[in-house]
Amino acid sequence: MFLFILIALLNGIMITSARIINAQLGEHVGIFKASFWNHLVGFLFLALIILPISSSSFTVEKSLPLVLYIGGIIGVFFVAINNYVLPKIGSSKTVILVVSGQMLSAVIIDSIHSNLSKTLLQFFGVSFIIYAIYKTHTSKKNIDKK
Amino acid sequence: MPKSQFIYWSLSLFAGVLLTIMIKFNSQLAHLTSPSLASLIAHGIGALFALSLVIVLSTKTSNIRIEKINSKKRFWYFLGGIPGAFTVLLSAITVNSDLGLSASLTLMLLGQMIFSLACDHFGWFHLAIKKITKSDINNVSIVFIGCILIIFSRQL
């Protein structure tokens with residue numbers, strides 16, 4: 001169990017490293033070019049690891065094509081925006097805001113089919129996040145003078 | 001708050017919304033194939049799409065480009081995709097362990113937040129040094145508590 005906890009924490013470190021490193025590249029080559037490298041290197045790395053060990057045949061189902069494209073395309077913009085924002089407001093603020101946006105939108109999507117106790121607890125979670133955003137927003141210390 | 005700050009903030013929040021939508025689609029894809037294969041496909045499509053974007057936007061004005069004057073481009077700047085792709089494999093390990101999805105997500109968020117604070121504080125990866133303040137820690141903790149509430153409410 002302890003090992004899995006470490007792996008999950010390490011995973012968080014991986015995500016942050018990936019975002020920061022790619023944002024540094026974005027500073028030099030432009031945010032979309034950096035997003036391209038992010039996806040290309042990721043693709044090659046995954047191909048190198050997955051393809052030799054996976055023997056499962058890839059069956060194309062009817063519902064696949066649209067799903068196939070949209071996730072990858074959105075990913076390009078996600079990485080590009082990250083690359084644009086991160087060097088300006090710092091990595092921790094970027095992480096907080098991205099996670100907040102992610103959680104808030106997930107709750108909204110979830111609330112479409114949800115029960116009361118779940119919605120109530122999520123409402124508490126949302127208020128914590130909005131409070132933190134508001135706090136950081138109003139705290140003078142955190143405003144960059146650049 | 002200066003106008004530029006407001007734009008960065010809104011963009012970051014919007015990036016989070018994009019992430020939610022992206023995960024929605026990619027998990028559908030993962031459901032029809034497998035998590036690692038779905039990620040491989042998403043990266044491949046992403047690379048092709050980004051390449052075509054770069055070609056289309058290759059006029060000076062449209063590709064936002066800020067040269068860092070005092071820093072060198074290093075070869076490992078190109079390797080950010082590796083930890084990014086590695087995430088898929090590590091997630092597969094922890095989500096399928098006793099931790100399950102909720103605890104995995106929570107720990108991943110915790111790892112992200114603590115590590116990003118450390119990177120800002122010490123200037124790792126050549127980031128501009130931003131010392132951690134008490135309010136930073138407060139805000140990270142509050143967001144983290146909010147995340148835990150939201151993530152674990154999914155089990156209700």
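This one's a predicted model, so the numbers in the text were calculated from it and none came from an experiment. Here is how names work: the chains are called A, B, and so on, in the same order as the sequence lines, proteins then strands, and each is numbered from 1.
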Exercise. Mind checking whether Met103(A) and Thr20(B) have side chains closer than 4.5 Å, heavy atoms only?
Worked result: no
Exercise. Would Phe49(B) and Phe77(A) count as a close aromatic pair, with their ring centres under 6.0 Å?
Worked result: yes
Seminar exercise, completed: Honestly, the part of Phe45(A) sitting under 4.5 Å from a heavy atom of chain B is side chain
Seminar exercise, completed: When the 4.5 angstrom heavy-atom criterion is applied to Ile82(B) and chain A, the contacting part is both
For this session: Could you check whether the rings of Tyr84(A) and Tyr8(B) sit parallel, tilted or perpendicular, using 30° and 60° as the cut-offs?
Result: perpendicular
Seminar exercise, completed: Comparing Ile15(A), Leu86(A), Asn22(A), Leu120(A) against chain B, the one with the most heavy-atom pairs below 4.5 Å turns out to be Ile15(A)
Exercise. Given the options Ile133(A), Val126(A), Val107(A), Asp110(A), which has more heavy-atom pairs under 4.5 Å with chain B than any of the others?
Worked result: Asp110(A)
For this session: Applying side chain to side chain contact (heavy atoms under 4.5 Å, CB included), run through Ile132(B) and Asp120(B) and close with a yes or a no.
Result: CA-CA 8 Å; Ile132(B) 299 175; Asp120(B) 278 343; 5.9 Å; no
Problem set entry | Ile81(A), part contacting chain B, at a heavy-atom distance under 4.5 Å | side chain
Problem set entry | Options Ser141(B), Gly44(B), Ala38(B), Gly84(B), ranked by heavy-atom pairs under 4.5 Å with chain A, top entry | Gly44(B)
For this session: Go through the atoms of Ile130(A) and report whether side chain, backbone, both or neither lie under 4.5 Å from a heavy atom of chain B.
Result: neither
Exercise. Of the listed residues (Gly42(A), Ala34(A), Ala106(A)), which shares the most heavy-atom pairs with chain B below a 4.5 Å separation?
Worked result: Gly42(A)
For this session: Using a cut-off of under 4.5 Å on heavy-atom pairs, state which of Gly111(B), Cys119(B), Ala118(B) scores highest against chain A.
Result: Gly111(B)
For this session: Select one option (side chain, backbone, both, neither) describing which atoms of Phe144(B) are under 4.5 Å from chain A's heavy atoms.
Result: neither
Seminar exercise, completed: Most heavy-atom pairs under 4.5 Å with chain A, out of Asp98(B), Ile142(B), Ile145(B), belong to Ile142(B)
Seminar exercise, completed: Pair count under 4.5 Å, heavy atoms only, with chain A: among Ala42(B), Ser116(B), Ser39(B), Ser27(B), highest is Ser116(B)
Exercise. Are Ser91(B) and Met108(B) close enough, and set up right, to give a side chain to side chain contact (heavy atoms under 4.5 Å, CB included), and what steps lead you there?
Worked result: CA-CA 9 Å; Ser91(B) 303; Met108(B) 278 162 62; 4.0 Å; yes
Problem set entry | Arg19(A) backbone acceptor or donor facing Asn82(A) side chain under 3.5 Å | no
Exercise. Which one, Leu48(B), Leu11(B), Leu29(B), Leu40(B), leads in non-hydrogen pairs under 4.5 Å with chain A?
Worked result: Leu40(B)
Problem set entry | Residue part contacting chain A, namely of Ile148(B), when any heavy atom lies under 4.5 Å | neither
For this session: Scan Ile73(A), Ile74(A), Leu68(A) and name whichever one has a side-chain contact (heavy atoms from CB on, under 4.5 Å) with Ile70(A).
Result: Ile74(A)
Exercise. Are any side-chain N or O atoms of Ser35(A) and backbone N or O atoms of Ile31(A), one a donor and one an acceptor, separated by less than 3.5 Å?
Worked result: no
Problem set entry | chain A contact via Thr106(B) - which portion, at a heavy-atom distance below 4.5 Å | neither
Problem set entry | Exam field: side chain Gln24(A) to backbone Phe125(B), donor-acceptor pair closer than 3.5 Å | yes
For this session: Against chain A, label Ile7(B) side chain, backbone, both or neither, depending on which of its atoms sit under 4.5 Å from a heavy atom there.
Result: neither
Problem set entry | Structural part of Val98(A) lying under 4.5 Å from a heavy atom of chain B | both
Problem set entry | Trp37(A) and Phe78(B) aromatic ring geometry - parallel, tilted or perpendicular at 30°/60° bounds | perpendicular
Exercise. Relative to the ring of Trp124(B), is the ring of Phe115(B) parallel (under 30°), tilted (30 to 60°) or perpendicular (over 60°)?
Worked result: tilted
For this session: Quick one: name the residues clustered hydrophobically with Phe2(A), using the 4.5 Å side-chain heavy-atom rule over I, L, V, M, F, W, Y, and just say none if it's on its own.
Result: Leu6(A)
For this session: Find the one option among Ser92(A), Ser100(A), Ser117(A), Ala47(A) whose heavy-atom pairs under 4.5 Å with chain B are most numerous.
Result: Ser92(A)
Seminar exercise, completed: Answer key: most heavy-atom pairs under 4.5 Å with chain B among Gly71(A), Ser91(A), Gly90(A) is Ser91(A)
